[in-house]
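One structure below.
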Amino acid sequence: MNDRKTENRIAFREGMRDGIPIALGYFAVSFTLGIAARNAGLNPFQGFLTSILCNASAGEYAGFTVIAADAPYIEMVIVILVANARYLLMSSALSQRISPETKPIHRFIISFDIVDEIFGIAIARPGYLNPFYYYGAMFLAMPCWSVGTALGVLAGNILPMRVVSALSVALYGMFLAIIIPPSKKDKVVACLVVISFISSYIFTKLPYVRDISGGTRTIILTVIIAGLASVLFPVKEVQNEA
């Protein structure tokens, strides 16, 4: 029993160590996300609560956009579901790295915070994943993400409008940082990104379609482009021989 507790403490400390750079990055990104939350009419507590319950940059930004547009709840549900659909795949992959003896409570806690960065360091661990390693990374990352969002909202209420507008642009820099690296590695991804930009612009000009809310247009384009890409350019599975 003592050996198990010692192993869990070591795993927790290692998770905290590996989670430090993630937490610092989260703080910077969530600050600009807080500006978007402020523009949508949220106060610092609401921004904090949103980030602690939905630790996902793209999903939160989509939600704030829908709130700002005063769109119906169903549209918010669909657009966030589409934006966060990748987490379903990450959860499935991570579940294969957890020991069958792991209690359900640990699986539930881990599933609450499946995010790209923590998933990346967790899936890279050799052997079965110790849940306490994941907890260590969550222990630092989640507060930094939530506090950063709240501070962003607070700063948006204090700073001049010109500065707020400038900080709002920084959030788009985050999305560029997400799409540029994979676009450099894969020409198909690069083409899809360009097609997405062009299609999004065309949808704002076409009759009838332009009258649809921005969130609904995003949902339609995401489903169509991603669906066609998965059919025309499926990702081939590479089997590594032992």
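Numbers here are sequence positions counted from 1.
In this structure, a donor-acceptor pair under 3.5 Å is present between the side chains of Tyr87 and Asp116. If you check the side chains of Asn55 and Tyr26, you find no donor sitting under 3.5 Å from an acceptor. Ser51 and Ser146 are not linked by any side-chain donor-acceptor pair at a separation below 3.5 angstrom, with hydrogens and angles left out of the test.
Between Phe139 and Phe12, the ring centre distance stays below 6.0 Å.
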message = Walk me through whether Tyr133 and Ile121 qualify under side-chain contact (heavy atoms from CB on, under 4.5 Å).
response = CA-CA 10 Å; Tyr133 174 83; Ile121 62 174; 3.7 Å; yes
ask   = Step by step, would you call Val29 with Leu33 a side-chain contact (heavy atoms from CB on, under 4.5 Å)?
value = CA-CA 6 Å; Val29 172; Leu33 187 66; 5.5 Å; no
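In this structure a side-chain-to-backbone donor-acceptor pair under 3.5 Å is missing from Ser199 to Ser196.
Taking CE of Met142 as the start and CD1 of Ile22 as the end, the distance is 13.5 Å to the nearest 0.5 Å. Atom OG1 of Thr50 sits about 11.5 Å away from atom CH2 of Trp145, to the nearest 0.5 Å. If you take SG on Cys54 and CD1 on Ile80, they are separated by 6.0 Å, rounding to the nearest 0.5 Å. The structure places OH of Tyr134 at 9.0 Å from CD1 of Ile98, a figure rounded to the nearest 0.5 Å.
The ring pair (Phe, Tyr, Trp, His ring centres under 6.0 Å) check on Tyr135 picks up His106, Phe132, with sequence neighbours excluded.
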